[in-house]
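No experiment lies behind these values; they were computed from the predicted model shown. A, B, ... follow the sequence lines: proteins, then strands. Residue 1 opens every chain.
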There are 2 protein chains.
Amino acid sequence: MKDRKHSRKREAILDVLRSTKTHPSAEWVYAQLKPSYPDLSLGTVYRNLSLFREDGQIICVGTVNGQERFDANTKPHAHFICDRCGEVIDMEGRLCFDPGDAASGFFAGSIDYCEVTFHGKCLKCME
Amino acid sequence: MKDRKHSRKREAILDVLRSTKTHPSAEWVYAQLKPSYPDLSLGTVYRNLSLFREDGQIICVGTVNGQERFDANTKPHAHFICDRCGEVIDMEGRLCFDPGDAASGFFAGSIDYCEVTFHGKCLKCME
DNA sequence: ATAAAAACAGTAATAATTCTTATTATTGTT
DNA sequence: AACAATAATAAGAATTATTACTGTTTTTAT
Ligand SMILES: [Mn+2]
Ligand SMILES: [Mn+2]
Ligand SMILES: [Zn+2]
Ligand SMILES: [Zn+2]
C-alpha cells in the first residue's frame, strides 16, 4: 500500500465505512460526515474512496440505482441486493469461491477475484 | 411479456445483441446499426434495451468503465471481466449456482437470480 | 383509408463521477 | 517556533452515461 500523508478526513471516511454493514454509497458517507466536518467536500469522499480501492482497503460491491456501493470488508464474501429497496446485505455461509479453483482448467486469463451477487427481494420488501 | 407494436429498429437492436458474444454497451449497439439506419437515435437503443430487460429477453452483466453491458443469452452463466481492456467473456463450465439451493436455509428474502463475475486479466492482456 | 396508439429522432435535461485550481494541512527540518 | 516541500482539500466546472421531453412518423386495428 502506497504510503500517504495523514489526513483526518481520509481517516474519518474509512472509519465510517468500517463502522457500518450497509455497503454505503459515496453520497451516504458524505452525508454521515458532513455534520462533523462542515467543510467536507463530496469530491474528497470520491477521491479517497478511489484511493482506498487502489490500496485494497475497500472493495466495490456493485452499482445500485446508478450509485457505486462500497464495503470495508475485503474478505471474499457474497452479497444480496434487493432490487426493490436497494439494500445490500452480506450473505454468510460458504458461498465463497476460490477463483483459482473455480476456473482453473478452462480459463486462460489470470483471475484476481470473483464477485457473487444474489438478486431478489429482501425480507422487509416481501411484507 | 407485454406485447408491443412491431418495430424494425427494435428488431434490429435485438438482432445485434443476439449475433454477438461480446456483451456490448448501448453505445456499441448504436454504432453497429447507425450505418444501416442513419436516422437511428441513441435514445431508441437505450429505451429498447430497457424494454428487453423488463421483458426478460436480455440481461445486464455489469458495468465496465461506467457503461452497462448487455447479454442476449439469458441462461444463467458466469462472466469474466478483464479489468485492463474491459472485455466481457462468457465463462463456460459448471459455475452456475441454483439460487434456491445456494442460499436456502440461511437467507430469509426471496432470491431471483445470482450473478457470478470473475475479474482479472484476459489472455490477450497478459501478453 | 382513418384514426388511435406506440415508437421514433432530435434535443434538452439529469445526475454520478472526475477534473482543475487556488488554498490549506501535514510532516520533517532548521 | 518559523520554514519549506508537498500532499490534501474545497469549490465549482467539466465530463459523460442515461433519461425525459416534444413534435413527427410508423404501426396496426377498424
Ligand atoms: Mn459485504
Ligand atoms: Mn454472457
Ligand atoms: Zn428490500
Ligand atoms: Zn484484456
Legend entry - Of all pairs that satisfy salt bridge (Lys or Arg N to Asp or Glu O under 4.0 Å), the ones with a partner from residues 3-27 of chain B, not counting sequence neighbours: R4(B)-E54(B), R4(B)-D55(B), K9(B)-D39(B)

Legend entry - Apart from L42(A) itself, residues in the same hydrophobic cluster as defined by side-chain heavy atoms under 4.5 Å: I13(A), L14(A), V16(A), L17(A), W28(A), V29(A), Y30(A), L33(A), Y37(A), L40(A), V45(A), Y46(A), L49(A), F52(A), I58(A), F70(A)

Inset, instruction - Indicate whether any N or O donor in one side chain lies under 3.5 Å from an N or O acceptor in the other, for S50(B) and R47(B). - result: no

Inset, instruction - Would you tell me whether D112(A) and H119(B) have side-chain atoms, one donor and one acceptor, within less than 3.5 Å of each other? - result: no

Inset, instruction - State, with a plain yes or no, whether a side-chain heavy atom of I89(A) is found less than 4.5 Å away from one of T22(A). - result: no

Inset, instruction - Walking along DNA chain C from 5' to 3', note the first and the last nucleotide with an atom under 4.0 Å from a heavy atom of chain A, and give both. - result: dA16(C) to dT27(C)

Inset, instruction - First locate atom OG of S110(B), then atom CZ of F80(A), and finally report the distance between them rounded to the nearest 0.5 Å. - result: 6.0 Å

Inset, instruction - Take the angle between the ring planes of H23(B) and H77(B) and call it parallel below 30°, perpendicular above 60°, tilted in between. - result: tilted

Legend entry - Inter-end axis angle, the helix from dA1(C)-dT30(D) to dT30(C)-dA1(D), with every axis fitted to five base pairs (rounded, 10 degrees): 30°

List, one per line, each side-chain donor-acceptor pair under 3.5 Å for residues 120-127 of chain A, sequence neighbours excluded.
residue: K124(A); atom: NZ; partner: E87(A); partner atom: OE1; Å: 3.4

Inset, instruction - Assign a letter to each nucleotide of nucleotides 3-21 of chain D from its 5' end: B, base within under 4.0 Å of a protein heavy atom; S, sugar-phosphate only; -, no contact. - result: ---BSSBBB-----SBB--

Inset, instruction - Could you grab the distance from atom SG of C114(B) to atom CE of M91(A), nearest 0.5 Å is fine? - result: 8.0 Å

Inset, instruction - For N65(B) and Q67(B), indicate whether the former's side chain and the latter's backbone hold a donor-acceptor pair under 3.5 Å. - result: no

